[in-house]
Amino acid sequence: MKPIAVVCALALLVACGSQVIGGGMATDSEFDGAWERVRGATDAQEQGDAVAAFLRRNEEAGAPALQVSVHRRDTGAKAAIDDALWQDPSQYEVTLRYGTRSHVFVPLSSASLQPLFRE
(Lines give C-alpha, C1' and ligand atoms only; values in the text may rest on other atoms or scores of the structure.)
Protein backbone atom coordinates (compact mmCIF):
# COMPACT_ATOMS: atom_id res chain seq x y z
CA MET A 1 0.00 0.00 0.00
CA LYS A 2 2.84 2.36 0.71
CA PRO A 3 4.26 2.28 -2.87
CA ILE A 4 0.83 3.16 -4.27
CA ALA A 5 0.62 6.20 -1.98
CA VAL A 6 4.08 7.35 -3.08
CA VAL A 7 3.20 6.95 -6.77
CA CYS A 8 -0.05 8.86 -6.28
CA ALA A 9 1.70 11.65 -4.41
CA LEU A 10 4.37 11.95 -7.14
CA ALA A 11 1.72 12.01 -9.86
CA LEU A 12 -0.11 14.79 -8.04
CA LEU A 13 3.10 16.78 -7.61
CA VAL A 14 3.95 16.47 -11.30
CA ALA A 15 0.43 17.45 -12.35
CA CYS A 16 0.31 20.48 -10.07
CA GLY A 17 3.85 21.56 -10.86
CA SER A 18 3.23 21.71 -14.59
CA GLN A 19 -0.07 23.59 -14.44
CA VAL A 20 -0.16 27.24 -15.34
CA ILE A 21 -2.50 29.79 -13.85
CA GLY A 22 -5.41 29.78 -16.25
CA GLY A 23 -5.16 26.05 -16.90
CA GLY A 24 -2.70 25.74 -19.79
CA MET A 25 0.96 24.84 -20.02
CA ALA A 26 3.58 27.14 -21.43
CA THR A 27 5.89 25.71 -24.06
CA ASP A 28 9.40 26.75 -24.97
CA SER A 29 8.12 27.90 -28.36
CA GLU A 30 5.60 30.23 -26.66
CA PHE A 31 8.39 31.84 -24.62
CA ASP A 32 10.66 31.97 -27.67
CA GLY A 33 7.93 33.62 -29.74
CA ALA A 34 7.21 36.18 -27.03
CA TRP A 35 10.91 36.94 -26.73
CA GLU A 36 11.38 37.31 -30.49
CA ARG A 37 8.71 40.03 -30.43
CA VAL A 38 10.89 41.92 -27.91
CA ARG A 39 14.03 41.57 -30.02
CA GLY A 40 12.25 42.26 -33.31
CA ALA A 41 10.49 45.44 -32.19
CA THR A 42 11.17 48.42 -34.41
CA ASP A 43 10.19 51.20 -32.01
CA ALA A 44 10.33 51.78 -28.28
CA GLN A 45 6.58 51.53 -27.64
CA GLU A 46 6.36 48.24 -29.53
CA GLN A 47 9.35 46.93 -27.59
CA GLY A 48 7.93 48.09 -24.25
CA ASP A 49 4.62 46.38 -25.02
CA ALA A 50 6.46 43.20 -26.04
CA VAL A 51 8.52 43.25 -22.82
CA ALA A 52 5.33 43.67 -20.77
CA ALA A 53 3.68 40.76 -22.64
CA PHE A 54 6.77 38.58 -22.11
CA LEU A 55 6.82 39.34 -18.39
CA ARG A 56 3.08 38.60 -18.13
CA ARG A 57 3.52 35.27 -19.94
CA ASN A 58 6.25 34.25 -17.51
CA GLU A 59 4.21 35.30 -14.51
CA GLU A 60 1.19 33.34 -15.76
CA ALA A 61 3.42 30.30 -16.27
CA GLY A 62 4.65 30.47 -12.68
CA ALA A 63 8.24 31.20 -13.70
CA PRO A 64 10.86 31.72 -10.99
CA ALA A 65 11.54 35.26 -9.81
CA LEU A 66 12.83 37.64 -12.47
CA GLN A 67 16.44 38.78 -12.18
CA VAL A 68 17.64 41.76 -14.20
CA SER A 69 21.25 42.65 -14.93
CA VAL A 70 22.76 45.33 -17.15
CA HIS A 71 26.05 45.53 -19.05
CA ARG A 72 27.62 48.29 -21.12
CA ARG A 73 27.60 47.42 -24.81
CA ASP A 74 30.97 49.06 -25.52
CA THR A 75 32.98 47.33 -22.80
CA GLY A 76 30.80 44.48 -21.57
CA ALA A 77 31.31 45.77 -18.03
CA LYS A 78 28.53 45.25 -15.53
CA ALA A 79 26.53 48.45 -15.08
CA ALA A 80 24.31 49.82 -12.37
CA ILE A 81 20.59 50.20 -12.88
CA ASP A 82 20.68 53.94 -12.44
CA ASP A 83 20.01 57.24 -14.19
CA ALA A 84 22.67 56.58 -16.85
CA LEU A 85 20.69 53.57 -18.07
CA TRP A 86 17.50 55.61 -18.25
CA GLN A 87 19.22 58.53 -20.03
CA ASP A 88 20.89 56.46 -22.75
CA PRO A 89 19.45 52.92 -22.70
CA SER A 90 20.71 51.96 -26.16
CA GLN A 91 24.25 51.94 -24.76
CA TYR A 92 23.38 48.91 -22.60
CA GLU A 93 22.38 45.28 -22.87
CA VAL A 94 19.73 44.16 -20.42
CA THR A 95 19.58 40.52 -19.39
CA LEU A 96 16.40 39.00 -17.97
CA ARG A 97 16.78 35.71 -16.13
CA TYR A 98 14.06 33.31 -15.07
CA GLY A 99 15.86 30.43 -13.40
CA THR A 100 18.11 28.92 -16.07
CA ARG A 101 16.49 30.83 -18.96
CA SER A 102 18.34 33.97 -19.98
CA HIS A 103 17.19 36.64 -22.45
CA VAL A 104 19.28 39.62 -23.64
CA PHE A 105 18.10 42.73 -25.45
CA VAL A 106 19.17 46.28 -26.21
CA PRO A 107 16.49 48.74 -25.05
CA LEU A 108 15.37 51.16 -27.76
CA SER A 109 14.46 53.80 -25.15
CA SER A 110 13.47 54.16 -21.52
CA ALA A 111 9.93 53.13 -22.56
CA SER A 112 11.37 49.67 -23.21
CA LEU A 113 12.59 49.52 -19.60
CA GLN A 114 9.43 50.71 -17.88
CA PRO A 115 7.69 47.29 -17.71
CA LEU A 116 10.71 45.90 -15.89
CA PHE A 117 10.62 48.39 -13.06
CA ARG A 118 6.93 48.90 -12.30
CA GLU A 119 5.92 48.44 -8.72
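Every value quoted in this text rests on a predicted model; they were computed, and no experiment measured them.
Contact detail for P107 and V94: the closest heavy-atom pair is CG-CG2, 3.7 Å. When all heavy atoms are compared, the tightest approach of L108 to A41 is CD1-O, 3.7 Å. The two residues V70 and I81 make their nearest non-hydrogen contact at CG2-CG1, 3.6 Å. When all heavy atoms are compared, the tightest approach of P115 to S112 is CD-O, 3.7 Å. Residues P89 and L113 share a closest heavy-atom pair of CB-CD1, 4.0 Å.
In this view, R72 and D74, T75, A79, Y92 satisfy the side-chain contact (heavy atoms from CB on, under 4.5 Å) rule, not counting sequence neighbours. Residues satisfying the side-chain contact (heavy atoms from CB on, under 4.5 Å) test with R37, not counting sequence neighbours, are A34, A50. Partners of T95 under the side-chain contact (heavy atoms from CB on, under 4.5 Å) rule, at least two apart in sequence or in another chain, are S69, R97, S102, V104. In this view, Q91 and D88 satisfy the side-chain contact (heavy atoms from CB on, under 4.5 Å) rule, not counting sequence neighbours. For E93, the side chain to side chain donor-acceptor pair (under 3.5 Å) test picks out no residue, with sequence neighbours left out.
Applying the ring-ring contact (aromatic ring centres under 6.0 Å, His included) rule to pairs touching residues 33-89 yields W35-F54, W35-H103, W35-F105, F54-H103, W86-F117, sequence neighbours excluded.
Counting only distance, with no hydrogens or angles, the side chain of E46 and the backbone of T42 share a donor-acceptor pair below 3.5 Å.
Atom CD of residue Q114 and atom CD of residue Q47 lie 12.0 Å apart, to the nearest 0.5 angstrom. Here OG of S90 is found 6.5 Å from CZ of R73. Values are rounded to the nearest 0.5 Å. Taken to the nearest 0.5 Å, the CG atom of L96 stands 8.5 Å off from the CG atom of N58.
Both V68 and Y98 belong to a common hydrophobic cluster when Ile, Leu, Val, Met, Phe, Trp and Tyr are linked at side-chain heavy-atom distances under 4.5 angstrom.
Salt-bridge check for R57 with E60: passed, with a basic side-chain N closer than 4.0 Å to an acidic carboxylate O.
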